[in-house]
Protein chains: 2
Amino acid sequence: MPHSKVCVSDNLSHYMPLTADDHRLLEELEQNPRTATKDEVLWQSDDVPATLYTLRSGWAYSLHSAGSGNEQILDVFLPGDLLGIRELTFPAYATSLVMLTDGVVCPFPAERLLNIFESSPTLTLAIHASAARQQAIITERLVNILRHDARSRIAHFMLELYYRLKRIDATFTHDFTLPLSQRDMSRLLGMTTVHISRTLTELEREGLLRKTRRNVQILDLDGLARVVSFDPFKITDKLNPLFKGGASGSWTQRNPVSSARPSR
Amino acid sequence: MPHSKVCVSDNLSHYMPLTADDHRLLEELEQNPRTATKDEVLWQSDDVPATLYTLRSGWAYSLHSAGSGNEQILDVFLPGDLLGIRELTFPAYATSLVMLTDGVVCPFPAERLLNIFESSPTLTLAIHASAARQQAIITERLVNILRHDARSRIAHFMLELYYRLKRIDATFTHDFTLPLSQRDMSRLLGMTTVHISRTLTELEREGLLRKTRRNVQILDLDGLARVVSFDPFKITDKLNPLFKGGASGSWTQRNPVSSARPSR
DNA sequence: CGTACCTTTGACGGCTGTCAAAGGAAGTGG
DNA sequence: CCACTTCCTTTGACAGCCGTCAAAGGTACG
């Protein structure tokens with residue numbers, strides 16, 4: 001297993017302190033863990049969203065298919081992520097969800113999430129903060145893709161993963177498992193596998209990054225950051241100070257704005 | 001004024017029936033309308049999100065800036081849209097919001113939205129459905145950009161606008177005002193203005209589309225749809241049948257799943 | 001040990017960016 | 001109403017990044 005187990009509580013408590021009740025509500029979501037095998041499809045395009053998942057261990061991705069051979073990976077999900085919120089309100093999924101490695105997922109009915117919305121404003125806010133970060137990751141990646149060349153695209157994605165993994169894994173180093181093939185990366189970054197290969201070779205020749213079949217070594221973090229400015233603040237755990245201390249009750253009495261974004 | 005006034009009630013009631021109380025809550029958001037002039041900046045990157053807006057009339061866009069001359073337009077907002085939800089939970093905006101035309105906006109404090117979340121589950125759901133569609137528009141556009149050439153990018157964007165405008169404007173025809181310059185389109189679609197110009201000329205020569213300085217004529221809707229398959233269902237007003245009839249109360253008793261997505 | 005998939009490398013072509021220049025449209029001030 | 005400025009649009013020449021096609025070697029798995 002590439003990474004240890006992370007539960008949704010661990011993830012959401014990054015955003016704000018959760019009460020014992022909140023933790024209990026989240027544990028209820030994870031009462032039915034089951035193993036999932038690499039390449040297993042948790043849902044497909046056109047399915048009606050009814051079951052959500054938490055990802056306890058392993059990696060997964062969402063795949064947007066349009067015509068034959070025209071596939072785009074949208075999300076890469078890591079342990080602790082909540083799967084399916086983005087498309088919950090639609091009458092049909094626009095993407096499929098596929099396991100990238102073996103792992104453990106916890107399916108739960110969508111209604112349970114709605115019960116949380118009714119019973120805990122704090123958890124509701126934390127879940128929406130989490131969903132907003134998932135969207136921000138996509139947005140940052142795709143903005144970068146639109147405006148930079150192959151070298152920058154790959155550097156940006158590696159920095160994204162670096163910061164996301166460091167957040168969930170205390171034992172994390174600059175040498176980590178990456179269960180994505182070059183074909184996966186091509187479908188994520190909008191390039192051909194041929195060009196992915198060429199560019200990885202170039203990055204290694206420059207001493208920035210070394211990718212083997214299932215590992216990545218970040219050789220020069222600052223060098224990568226010079227290639228492309230990835231701003232980890234864009235997917236920060238920090239909340240809008242309006243919401244400091246959680247949501248319930250005191251929404252109308254505004255908290256003092258203790259710290260705006262530190263100027264860079 | 002390019003388009004008539006549309007209020008948030010009109011927008012959100014597309015998703016589900018709203019009660020009189022819901023309409024009243026939404027009207028409270030729009031108690032302070034004010035005019036906004038073209039190029040006016042409603043917020044900037046790094047501001048702390050505290051005030052949200054509804055867009056009553058006129059167009060606006062959100063702009064992601066990274067370094068000098070490196071700007072990307074993320075959203076194009078039309079009358080009736082709610083501005084700022086996407087970044088509400090972040091400690092700082094990642095984008096600026098700029099008026100594309102003169103218009104009328106209604107600022108309201110973020111706390112008011114949170115009060116809605118507490119008092120109306122139905123409205124909460126409608127607002128999140130709306131936010132999810134805003135995200136889906138970005139996702140569809142950027143997936144298309146990654147996988148298609150300039151002709152398809154422009155065709156896709158025009159079809160997106162066509163369906164979005166038809167939704168809010170009953171008097172809408174195939175000949176409509178488009179307050180976007182070619183420079184704006186270049187920042188939206190990730191191309192240079194030079195290539196936008198070339199490609200528009202090509203599309204007109206093919207009899208698909210004619211763009212003048214501030215108008216667009218869709219000459220051949222089916223022809224455009226053959227260039228790139230834009231699927232209006234991906235940004236549909238239809239809700240997940242789980243939520244039919246609104247949110248309150250009956251969440252735990254699942255409604256019968258009346259109709260899955262019609263097969264195409 | 002054989003098969004399927006992944007990765008690497010080379011040659012070639014095309015789409016799109018860059019650079020440059022000129023014409024047109026809109027707004028401003030006299 | 002007319003100069004003047006500024007921004008937008010168009011067109012051409014050229015270069016470069018990246019896709020396509022092809023083939024070969026490597027790795028994992030049964």
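Chain letters run A, B, ... following the sequence lines, proteins first and then strands; every chain starts at 1. Because the structure is a prediction, the values reported are computed rather than measured.
Remark: the B:Glu30 side chain and the B:Thr54 side chain contain an N/O donor-acceptor pair separated by less than 3.5 Å. A donor atom on one side chain and an acceptor atom on the other are not found under 3.5 Å apart for B:Asp175 and B:Thr173.
Applying the 4.0 Å criterion to OP1 and OP2 of D:dT10, one finds that B:Gln182 has a side-chain N or O inside that range.
When the nucleotides C:dG17, D:dT20, D:dT11 are ranked by their closest atom to the side chain of B:Met191, C:dG17 comes out on top. Counting only heavy atoms from C-beta on, B:Lys211 has its side chain closest to D:dT9 among C:dT7, D:dT9, D:dG19. For B:Ser181, whose side chain is taken as the heavy atoms from C-beta onward, the closest listed nucleotide among D:dT9, C:dC19, D:dA22 is D:dT9. Listed candidates were C:dT9, D:dT9, C:dC19. Nearest to the side chain of B:Val194 is C:dC19.
If A:Arg213 and A:His195 are placed on DNA chain C by their nearest nucleotide, the residue sitting closer to the 5' end is A:Arg213. With the nearest nucleotide of DNA chain D identified for both A:Ala150 and A:Arg214, A:Ala150 has the one nearer the 5' end.
Whole-Å rounding puts the A:Ile145 CD1 to D:dC17 C1' distance at 16 Å. Here the P atom of nucleotide C:dT16 and the CD atom of B:Glu202 are 9 Å apart, to the nearest Å. B:Arg153 has its CZ atom 7 Å from the P atom of C:dT16, to the nearest Å. A straight line from CZ of B:Arg187 to P of C:dG17 spans 16 Å, rounded to a whole angstrom. One atom, CE of A:Met185, and another, P of C:dT7, lie 10 Å apart when rounded to the nearest Å. Atom CG of B:Asp149 and atom P of D:dC18 are 17 Å apart (whole Å). B:Asp39 has its CG atom 13 Å from the C1' atom of C:dG27, to the nearest Å. To the nearest angstrom, P of C:dT16 lies 10 Å from CZ of B:Arg151.
You'll find a donor-acceptor pair under 3.5 Å spanning the side chain of A:Arg198 and the base of D:dT20, going by distance alone.
Between A:Tyr163 and A:Phe230, the angle of the ring planes stays under 30°, which puts this pair in the parallel group of the 30/60° scheme.
Taking the six-membered ring for Trp and the full ring otherwise, the centers of A:Phe108 and A:Tyr53 sit at least 6.0 Å from each other.
Side-chain contact between A:Ile168 and A:Pro79 is present, with at least one heavy-atom pair separated by less than 4.5 Å.
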